[in-house]
Amino acid sequence: AQSVTQPDIHITVSEGASLELRCNYSYGATPYLFWYVQSPGQGLQLLLKYFSGDTLVQGIKGFEAEFKRSQSSFNLRKPSVHWSDAAEYFCAVGVRADGLTFGKGTHLIIQP
Amino acid sequence: NAGVTQTPKFRILKIGQSMTLQCTQDMNHNYMYWYRQDPGMGLKLIYYSVGAGITDKGEVPNGYNVSRSTTEDFPLRLELAAPSQTSVYFCASSSPFNLELSGPTGELFFGEGSRLTVL
């Protein structure tokens with residue numbers, strides 16, 4: 001069965017600093033990988049996705065993620081965070097009709 | 001540009017009551033899903049549907065039922081509500097990214113959620 005691990009429950013970053021959110025997955029074949037963001041009281045919005053090809057993918061709001069097959073990882077990065085990036089971030093994996101498997105999420109706190 | 005619409009946004013139920021969470025999408029997506037979100041637990045799949053007339057259980061289906069009579073609608077029914085069903089519920093839809101595969105690989109589009117409290 002596929003699974004997703006986000007090892008960091010909370011991360012605090014100063015505004016303007018760089019960010020990396022970790023995601024590790026378990027899947028028997030090449031997975032399709034996603035990062036979603038959830039602002040308080042809102043639904044989930046897709047930041048970026050990886051299906052194939054270039055292992056460095058660009059998303060919305062200045063985010064990027066790198067797929068590393070050897071490490072089974074798909075870490076999310078941003079060079080300089082803004083206060084509006086404070087939110088819950090979910091990594092997800094999926095390829096079948098029965099939807100995506102989500103990690104438990106990482107809560108991002110931005111310090112002024 | 002409605003996307004996925006869920007109603008109601010908030011609801012308080014008494015133990016043993018029943019209710020239906022409504023979900024409709026206007027993107028002509030074949031695949032629809034119901035997830036529940038509990039603090040620190042991520043999203044868990046309750047039920048999903050790959051098309052009208054077809055539904056299947058997800059990871060946590062007990063206490064819920066669904067139907068899919070049309071492509072657009074995918075209501076979630078709670079029978080005999082219990083405190084353990086206090087949660088935020090999300091409906092989502094998607095379409096196949098690669099039709100050569102057996103299922104969708106495209107992104108999920110989410111509704112804004114329905115917060116349910118059972119007292």
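Numbered from 1 within each chain, the chains take letters A, B, ... in sequence-line order. The shown structure was predicted, so the numbers you read here are calculated from the model rather than taken from an experiment.
When heavy atoms are compared at a cutoff of 4.5 Å, A/Ile9 does not approach chain B at all. When heavy atoms are compared at a cutoff of 4.5 Å, B/Glu59 does not approach chain A at all. Of the atoms belonging to A/Gln38, it is side-chain heavy atoms, and not backbone ones, that fall under 4.5 Å from chain B.
Residues B/Asp73 and B/Arg68 are not paired through a salt bridge, judged by the lack of any N-O separation under 4.0 Å between the basic side chain and the carboxylate.
Note: B/Gly40 leads B/Gly58, B/Gly40, B/Ala92, B/Gly113 in heavy-atom pairs under 4.5 Å with chain A. Of the residues considered (B/Arg115, B/Met32, B/Met41, B/Lys9), B/Met41 shows the highest number of contacts with chain A, using heavy-atom pairs under 4.5 Å.
Heavy-atom neighbours of A/Ile109 CD1 from other residues, nucleotides or ligands within 6.0 Å: above the threshold of 12.
Between A/Phe63 and A/Tyr89, the ring-plane angle classifies as tilted under the 30° and 60° cut-offs. Using a 30° and 60° split on the angle between ring planes, B/Tyr33 and B/Tyr35 fall in the tilted class, from 30° to 60°. Ring geometry for A/Tyr36 against A/Phe102 counts as tilted: the plane angle lies between 30° and 60°, on a 0 to 90° scale.
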